[in-house]
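Just so you know, ligand 1 is whichever comes first in the structure, and atom 1 is the first atom listed for that ligand. In what follows, every heavy atom counts, from backbone to side chain, and hydrogens, waters and symmetry copies are set aside. Please read these numbers as outputs of a predicted model, since none were measured by experiment.
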Amino acid sequence: MTLRLRTLLTATAAAATLLAVGLPAAQAQTAKYKSEYRMSLVLGTAFPWGQGGQLWADKVRERTDGRINIKLYPGTSLVQGDQTREFSAIRQGVIDMAVGSTINWSPQVKALNLFSLPFLFPDYAAVDAVVQGDTGKEIFKALDKAGVQPLAWGENGYREISNSKHAIVQPGDLKGLKVRVVGSPLFLDTFTALGANPTQMSWADAQPAMASKAVDGQENPLAVYQAAKLQSVGQNHITLWGYMNDPLIFVVNKEVWASWTPEDREIVRQAAIDAGKEEIAIARKGLVEEGKPLVKELQALGVTVTDLDAAQRKAFADATKSVYTKWKPQIGTNLVEMAEKAIAARKQ
Ligand code: X2X
């Protein structure tokens, strides 16, 4: 190689280096960014859940000046509505990000069954003490280990039972009722312990099953009942038993997460935290105000709402104690005790 050529090559390489260094980091990285990221959700924007996803997507788009564009895929459509397969699809990259329920992911992440332990959470302060405290951090570690990047908490809500037959006041009232539950083994145990006849099916299949009376009942938060208009499929009796609270978790696929600049990761994380806070307020609307206005709205539709007192609620807790005891070691005795302690120490 002639000296001239070598000098020229060196100069060219130096110029190229300069160019790369001189480029704003974000611009240099966007080459690796996808034009669109796919967010999976079970429930769409008619529900608090979907609104939480929309809030997250909007904040990310604004705060990254459009570098990260997210499209919502409600109805778990990226896994053909099979919500218990959602977690594996996020891990594998079929789904880029999600706002998902602990119930749907509990078959893959044992720790998430914590929230399905019957009658663990006496009130919202108990939920907050667990998810926003050290227990929540432990659960995020479990999610990280299971292969996704967890970012923030949201809430589907306290799951209340409804049915088309009669008011449920005591455990015996559930006897023989065919109740649709999500595909999680703990739910089968709980409803079997109560003498009901639980049937697993996806949310997509649940609504036609209620309409055709293939099932008698279901359990979901009142905000879901209202937005899905379950009174119109014959679910005329609701019992407020607050047997479990179903948090939502904002997560991102790990490869996608690693492909973003540290600045953009921080933006996405903060946007998830902000959206999660707003979503939790939306999910609790009408239930935390004096007189529970949402309950009044449902009653005005002709729905019977039975609000259990402490003694009546205890009868259901007693009837499902064996499920709690059986699942505690499966979930992890340490984790469950951490949650129990946080609940006992909560500020009310
Ligand atoms: O399927 C349900 O009941 C729902 C919508 O609440 C969940 O995805 C857990």
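Considering both main-chain and side-chain atoms, Gln83 comes within under 3.5 Å of ligand 1 through a nitrogen or oxygen pair. On a distance-only criterion, Trp49 and ligand 1 share no N/O pair closer than 3.5 Å. The shortest N or O to N or O distance between Glu219 and ligand 1 is not under 3.5 Å. For ligand 1, the polar-atom distance check finds an N/O of Asn220 within less than 3.5 Å of one of the ligand's N/O atoms.
For the 3.5 Å distance criterion, the side chains of Asp189 and Trp327 qualify, holding a donor opposite an acceptor.
Between Leu301 and Gln299, every side-chain heavy-atom pair lies at or beyond the 4.5 Å cut-off.
If you check which protein heavy atom lies closest to atom 2 (C) of ligand 1, you get Arg180 NH1, 3.5 Å. Distance from atom 8 (O) of ligand 1 to its nearest protein heavy atom, with residue and atom name: Asn104 ND2, 2.9 Å.
Neither the backbone nor the side chain of Val224 has any atom closer than 4.0 Å to an atom of ligand 1 (non-hydrogen atoms only). At a heavy-atom distance under 4.0 Å, no atom of Glu86 approaches ligand 1.
Taking a 4.0 Å cut-off on heavy atoms, Gln218 fails to register as neighbouring ligand 1.
Side-chain atoms of Gln51 never come within 3.5 Å of backbone atoms of Ile282 as a donor-acceptor pair (strictly under, hydrogens ignored). Not a single donor-acceptor pair under 3.5 Å links the side chain of Trp203 to the backbone N or O of Gly81.
The aromatic ring centres of Tyr124 and Tyr158 sit less than 6.0 Å apart. Taking the six-membered ring for Trp and the full ring otherwise, Trp241 and Tyr243 have centroids separated by under 6.0 Å. Two rings, from Trp153 and Phe115, have their centers less than 6.0 Å apart.
Residue Arg159 approaches ligand 1 through these ligand atoms, each under 4.0 Å from one of its heavy atoms: 2 (C), 3 (O), 6 (O), 9 (C). Listed by atom number, the atoms of ligand 1 under 4.0 Å from Val42 heavy atoms are 5 (C), 8 (O). Listed by number with element, the atoms of ligand 1 under 4.0 Å from a non-hydrogen atom of Ser101 are 9 (C). Ligand-side atoms of ligand 1 in range of Trp203: 1 (O), range being under 4.0 angstrom from any heavy atom. Interface atoms of ligand 1 facing Asn156, defined by a heavy-atom separation under 4.0 Å, are 6 (O).
We find the CD-CD1 distance between Glu36 and Ile70 to be 10.0 Å, quoted to the nearest 0.5 Å.
Shown here for Leu186 and Leu117, the closest heavy-atom pair between the two residues is CD1-N, 4.4 Å.
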